[in-house]
Structures are given as structure tokens and as C-alpha cells.
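The sequence lines fix the lettering, A, B, ..., with proteins before strands; numbering per chain opens at 1. As a basis for the values below, the full set of heavy atoms in this structure was taken, side chains included, without hydrogen atoms, waters or symmetry mates.
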Number of protein chains: 2
Amino acid sequence: MDYDQLKLSKQICFPVYAASRLITKEYQPHLDRFGITYPQYLVLLILWETNPIAVNDIAKKMILNTNTVTPLLKRMETQGWIRREKNSSDERKVWIHLTQQGIDLKPEIAKIPELLLNGLEGSSIKLEALFQLRDQLHAMIEALAHK
Amino acid sequence: MDYDQLKLSKQICFPVYAASRLITKEYQPHLDRFGITYPQYLVLLILWETNPIAVNDIAKKMILNTNTVTPLLKRMETQGWIRREKNSSDERKVWIHLTQQGIDLKPEIAKIPELLLNGLEGSSIKLEALFQLRDQLHAMIEALAHK
DNA sequence: TGTATTTATGTCGTGTACGACATAAAATTA
DNA sequence: TAATTTTATGTCGTACACGACATAAATACA
């Protein structure tokens, strides 16, 4: 039997896993300035598009379970970025709202993706390749998330 | 100021992060049969290529810190897949060896990548696209890991 | 040779991830 | 309407992931 497919270099899963952690690490020094983590940054991106939003809808957008999102949001509430509010008409729901502090953070954070993309100038990574990568991954996520 | 780049759908980091977790989740039911996790599976792949190998070299191949790998290996030792052995000439080093149980697992695990790829037949994901994705990610990892 | 530096591994604390399960409120259905 | 099911959120336990730091052995070098 040929075990060639088992080599780490042949795997498809491994480079996705490694790239994910490496990209997060690129963000980290920039996010550290505001005391937020990478998943918390994603929550803020979502809230800057939709405010307020239910816990469940945040989890769906991030493709995470609510039991991961709940403690994450609690930490963000402690730090003053968001506040939670029970829905009066449906008592099961909890609305997540941006605080003023959370709203004010947007222009600061907006500089980061730009900064990282500019950092690629002169590197071997081409912008076109990145966008192609993103679209291919979206197709894969689409196929894997709904089955 | 245009905040379009801040949309979740425009991010490059997010699909990598989400795809990583979704792919791991594809492996999980197959790995569960043997009681191993996805990172533990990666350690086994490495050991099936190089046995024995030092803790540090496993960490380098996985692009992880040793303080992540150490407890992971301890769990694998408890489960009987590997054993650790102090190097006599250099007392700092610890060699990680496959046990017979770990060696015997290889043909069982070998079926998994094949099984997952076959599962894509008829889906919207094309094999060619996957291999292209892998190579693009390798290029990105290369650029990010060594700077 | 003695001191400083590097290397290899590991401990500790914090923050995700997620399966299994709990709870309460809303919606469905017998 | 009463019982059942679904939905929304959350608790708990286990396993990563990583920064900061600790320790001991090997190496470099004054």
C-alpha cells in the first residue's frame, strides 16, 4: 500500500490549520494595543455591520457554537465594548449592543487590514492570489457548513 | 471614510479561520473511532515519516510552540501511541518514539484522507481546486512563518 | 577555566473551541 | 388547552494555543 497521501506536505487540512494561526498572529500586535483578541475582533466586525444583533446570529456568522460565543461576549462586556439586553417580546433572546466605546473603536481598527495588506508589498504574496484564495475558501465553507 | 474593507465577507483571515475548524470537524468522527484528536493525528503523520523525532522538531513541523506540543504528547503517551526517551548524549533532548500500537494504527488512519476526498465526489468542490488551494496556502505559510 | 549565551523542554495563566447536557421560553400539535 | 417539540442561551469538562517565564544542559567566548 502506498502511504504517500499521508505525508504532512500532501495534506490539505494542515496548511489551512497552520495558515489560520499564522494570520491571527499577524493581527495580534495590532489588536493588543486595544486589548482585544482575534475572535473578539470578528465580533466587532459583525457588530459594526449589524447593531444590535442576537447571540445566536453572531454564532452563525462566525460558524461557532453559542457556548463558545457566550463567554467571549462576557469578556467583551467586562471590557466595555458591548452590553447585553434581554429581548422583552421573546425572553429567550439576548441582544448584543455596541457601547459608545465599541463604536469609537471602528476607525482605529479600520487601519489594521490596510496596514497588513500594505505589509505584503514586495513580498511573494500577490493581492490577486489572496482574493482568489478567499473566494475558494468561501466555496469550501459553503459546501462544508451546510451538510 | 470607506469601511467596506471591514466587512466580514471581505476579510481574508476569516475564511481561513472558519475553513480550518470545518475541515477539522470533517476528520473528527473518523478520528473519534481511535480516540485521537486532530492535532494528535498530525503528530502521528509526522512520526510515520520520521521515527523517532525530537519534541522541538515536531513543534517546528506543526508550527506550534513546544509548550503546546508537550502536553499534547503527554496525552498521547498516556493513551499508548508514543513513548518518550531522554537523549543520553544531549540530556536536554527528548526523543519521541512510536509504540507498536502507534505503528499499527497507520493503515487504519490511511483510509481517512481517501474517504474524505471520495466524499467530495459530486459536490461543488473540485480536486484540482483543492490542490491549488493547498499550494497557495503553502506559499503564504512560507512567507508568514519566516519573518 | 569561568562566565555568558543559546538551546531544549517544560510550567502557568488566559482565552478560545466544542461535545454533552441543562434550562426556560416560545411554537407546534394532539 | 395540555403535552411535545423547537429555539435561544448558557454551564461544564476536556483539549488545544500561546505569551511570559523557569530550568537545566550544552555551547561560545572572554
Q. What does S20(A) touch in the nucleic acid at a heavy-atom separation under 4.0 angstrom: a base, only the sugar-phosphate, or nothing?
A. nothing

**Q.** Atom NZ of K7(A): over 12 foreign heavy atoms under 6.0 Å
**A.** no

(Q) Tell me the interatomic distance from Q28(A), atom CD, to dG15(C), atom P, rounded to whole angstroms. (A) 12 Å

Q: Using only heavy-atom distances, decide whether a donor-acceptor pair under 3.5 angstrom links the side-chain of R92(B) to the base of dT9(C).
A: no

(Q) Quick one, L44(B) and L98(B) - any side-chain contact, counting heavy atoms below 4.5 Å? (A) yes

Q) Taking side chain as C-beta onward, heavy atoms only, is Q100(B) less than 4.5 Å from I103(B)? A) yes

Q.
What contact category does T68(B) fall into here, base, sugar-phosphate, or nothing, at under 4.0 angstrom with non-hydrogen atoms?
A. base

**Q.** For atom CD of Q79(A) and atom P of dT14(C), their distance in whole Å
**A.** 13 Å

Q: With the side chain of D90(B) defined as its heavy atoms from C-beta on, choose the nearest nucleotide among dG10(D), dA26(D), dG10(C).
A: dA26(D)

Q) From dG15(C), dC16(D), dC18(C), pick the nucleotide closest to the side chain of L64(A)? A) dC18(C)

Q) Taking the side chain of R21(A) as its heavy atoms from C-beta onward, which of dG19(C), dC18(D), dT9(D) lies nearest to it? A) dC18(D)

(Q) Rounded to whole Å, how long is the line connecting atom CG of D32(A) with atom C1' of dT14(C)? (A) 13 Å

**Q.** Which residue lies more 5' along DNA chain C, comparing Q40(A) with V55(B) via nearest heavy atoms
**A.** V55(B)

Q: Have a look at K74(B) and say if it touches a base, only the backbone sugar-phosphate, or nothing, with a 4.0 Å heavy-atom cut-off.
A: sugar-phosphate

Q: Under 4.0 Å between any heavy atoms, over every strand shown, what does T66(A) touch: base, sugar-phosphate, or nothing? Just pick one.
A: base

(Q) Can you tell me which nucleotide in dC18(C), dT9(D), dT16(C) comes closest to the side chain of K25(B)? (A) dC18(C)

(Q) If you only use heavy atoms from C-beta on, which nucleotide in dT9(D), dC16(D), dA17(C) is closest to the side chain of V94(A)? (A) dT9(D)

Q) Any donor-acceptor pair under 3.5 Å joining the side chain of N67(A) to the base of dG19(C)? A) yes

Q: Describe, in one word, how the ring planes of Y17(B) and Y38(A) are oriented to each other, choosing from parallel (under 30°), tilted (30 to 60°) and perpendicular (over 60°).
A: perpendicular

Q) Want to settle it: does A54(A) or Y17(A) sit nearer the 5' end of DNA chain D, counting the closest nucleotide to each? A) A54(A)

Q: Check whether any side-chain heavy atom of L133(B) lies under 4.5 Å from a side-chain heavy atom of L133(A), and answer yes or no.
A: yes

